[in-house]
Amino acid sequence: VKAYNDWLAREQTWMLRLAAIDPGGLTDQEKLSRELLLRDFTTDLEAAEFKEWEMPVNQMNGIQTDYCQLVAELSFNTVKDYDDWIARLHALPGAFAQVMTNMSIGVDDGRVPPKYLLEKVLSQVKDLAAEKPEDSPLALPLKKFPASIPAAEQQRIKTEMLAAIGKEVLPAYTRFARYLEVS
């Protein structure tokens with residue numbers, strides 16, 4: 001909640017600064033960009049009253065699928081790229097806990113997605129939780145290492161990534177599935 005409110009405050013500050021700019025000296029493209037950005041900021045601030053963060057998952061997206069999609073979009077060319085991904089994996093259980101907290105606040109506020117959507121989310125979560133670490137979409141970077149990464153580093157990365165997935169991430173998916181089942 002604090003992070004969301006901080007983000008809204010930053011957006012409001014930027015919106016006020018942007019609105020204070022006289023569009024008279026801007027090019028047509030700059031005027032259009034200014035107007036579109038002002039519209040985005042206004043929409044975000046107006047949407048805040050609906051507390052979307054209290055219903056952060058549905059069958060199309062949410063924490064259960066975001067990381068699985070993200071991994072396919074990232075580049076894995078250096079050891080640092082792999083280590084950064086492992087760091088993200090270590091952070092994922094905390095992110096799941098935050099989502100469950102936000103959803104619990106939503107339940108208290110009477111804001112929950114339709115049951116049939118949560119059933120679809122539950123199915124997704126259970127499928128991902130049942131994966132072997134090496135078969136998880138989160139282990140995709142292990143399928144092909146660049147030749148520039150030495151074999152010893154490849155082994156270290158593989159060991160650390162599979163441990164993070166198996167000992168931290170998959171249990172987080174399992175806890176999330178249990179949360180969804182009782183909610």
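What you see is a predicted model, and the numbers here were worked out from it, not measured in a lab. Basis for what follows: all heavy atoms, side chains included, without hydrogens, waters or symmetry-related copies.
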Pairwise side-chain hydrogen bond (donor to acceptor under 3.5 Å, both in side chains) hits with a residue in residues 37-52, at least two apart: Lys51-Asp109

side-chain hydrogen bond (donor to acceptor under 3.5 Å, both in side chains) contacts in which one or both residues fall within residues 14-25, not counting sequence neighbours: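 For residues 14-25: none.
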
Closer than 3.5 angstrom, by distance alone: can the side chain of Ser136 be matched with the main-chain N or O of Leu138 as a donor-acceptor pair?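 Checking the backbone N and O of Leu138 against the side chain of Ser136, a donor-acceptor pair under 3.5 Å is found.
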
Do any N or O atoms from the side chain of Gln124 and from the backbone of Gln59 form a donor-acceptor pair under 3.5 angstrom? yes

If the condition is side chain to side chain contact (heavy atoms under 4.5 Å, CB included), which residues does Leu8 pass it with, not counting sequence neighbours? Tyr4, Asn5, Leu45, Ala48

Contacts of type side chain to side chain contact (heavy atoms under 4.5 Å, CB included), residue Leu18, not counting sequence neighbours: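 Ile21, Arg34, Leu37, Leu38, Phe41.
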
Partners passing salt bridge (charged side-chain N to carboxylate O under 4.0 Å, His left out) against Glu30 (at least two apart in sequence or in another chain): none

Which atom pairs, one a donor and one an acceptor, fall under 3.5 Å between side chains of residues 171-180 and the rest of the protein, sequence neighbours left out?
{"unit_1": "Tyr173", "atom_1": "OH", "unit_2": "Gln64", "atom_2": "O", "d": "3.0"}
{"unit_1": "Thr174", "atom_1": "OG1", "unit_2": "Leu170", "atom_2": "O", "d": "3.1"}
{"unit_1": "Tyr179", "atom_1": "OH", "unit_2": "Met100", "atom_2": "O", "d": "3.4"}
{"unit_1": "Tyr179", "atom_1": "OH", "unit_2": "Ser104", "atom_2": "N", "d": "3.1"}
{"unit_1": "Tyr179", "atom_1": "OH", "unit_2": "Ser104", "atom_2": "OG", "d": "3.0"}

For residues 108-152, which residue pairs qualify under ring-ring contact (aromatic ring centres under 6.0 Å, His included), counting only residues two or more places apart or in two chains? Tyr82-Phe145

Quick test of your reading: applying salt bridge (charged side-chain N to carboxylate O under 4.0 Å, His left out), list the pairs with at least one residue in residues 119-140, sequence neighbours left out, ordered by first then second residue. Lys126-Glu181

Applying side-chain contact (heavy atoms from CB on, under 4.5 Å), run through Val169 and Tyr67 and close with a yes or a no. CA-CA 11 Å; Val169 176; Tyr67 277 74; over 6 Å; no

Sequence neighbours left out, what passes side-chain hydrogen bond (donor to acceptor under 3.5 Å, both in side chains) with Lys80? Give chain and number order.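 Expected list: Asp84.
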
Which donor-acceptor pairs under 3.5 Å do the side chains of residues 88-97 make with protein atoms, sequence neighbours left out?
{"unit_1": "His90", "atom_1": "ND1", "unit_2": "Glu168", "atom_2": "OE1", "d": "3.1"}
{"unit_1": "His90", "atom_1": "ND1", "unit_2": "Glu168", "atom_2": "OE2", "d": "2.7"}

Name the atoms and distances for all side-chain donor-acceptor pairs under 3.5 Å in residues 148-163, with sequence neighbours left out.
{"unit_1": "Glu153", "atom_1": "OE1", "unit_2": "Arg156", "atom_2": "NE", "d": "3.4"}
{"unit_1": "Glu153", "atom_1": "OE1", "unit_2": "Arg156", "atom_2": "NH2", "d": "2.9"}
{"unit_1": "Glu153", "atom_1": "OE2", "unit_2": "Arg156", "atom_2": "NE", "d": "3.4"}
{"unit_1": "Gln154", "atom_1": "NE2", "unit_2": "Ile149", "atom_2": "O", "d": "2.7"}
{"unit_1": "Gln155", "atom_1": "NE2", "unit_2": "Thr159", "atom_2": "OG1", "d": "3.2"}
{"unit_1": "Arg156", "atom_1": "NH1", "unit_2": "Asp83", "atom_2": "OD1", "d": "3.1"}
{"unit_1": "Arg156", "atom_1": "NH1", "unit_2": "Glu160", "atom_2": "OE1", "d": "3.1"}
{"unit_1": "Arg156", "atom_1": "NH1", "unit_2": "Glu160", "atom_2": "OE2", "d": "3.1"}
{"unit_1": "Arg156", "atom_1": "NH2", "unit_2": "Asp83", "atom_2": "OD1", "d": "3.0"}
{"unit_1": "Arg156", "atom_1": "NH2", "unit_2": "Asp83", "atom_2": "OD2", "d": "3.2"}
{"unit_1": "Thr159", "atom_1": "OG1", "unit_2": "Gln155", "atom_2": "O", "d": "2.9"}

With a cutoff of under 4.5 Å between side-chain heavy atoms, which Ile, Leu, Val, Met, Phe, Trp and Tyr residues group with Leu36?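 Noted: Leu36 shares its cluster with Leu32.
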
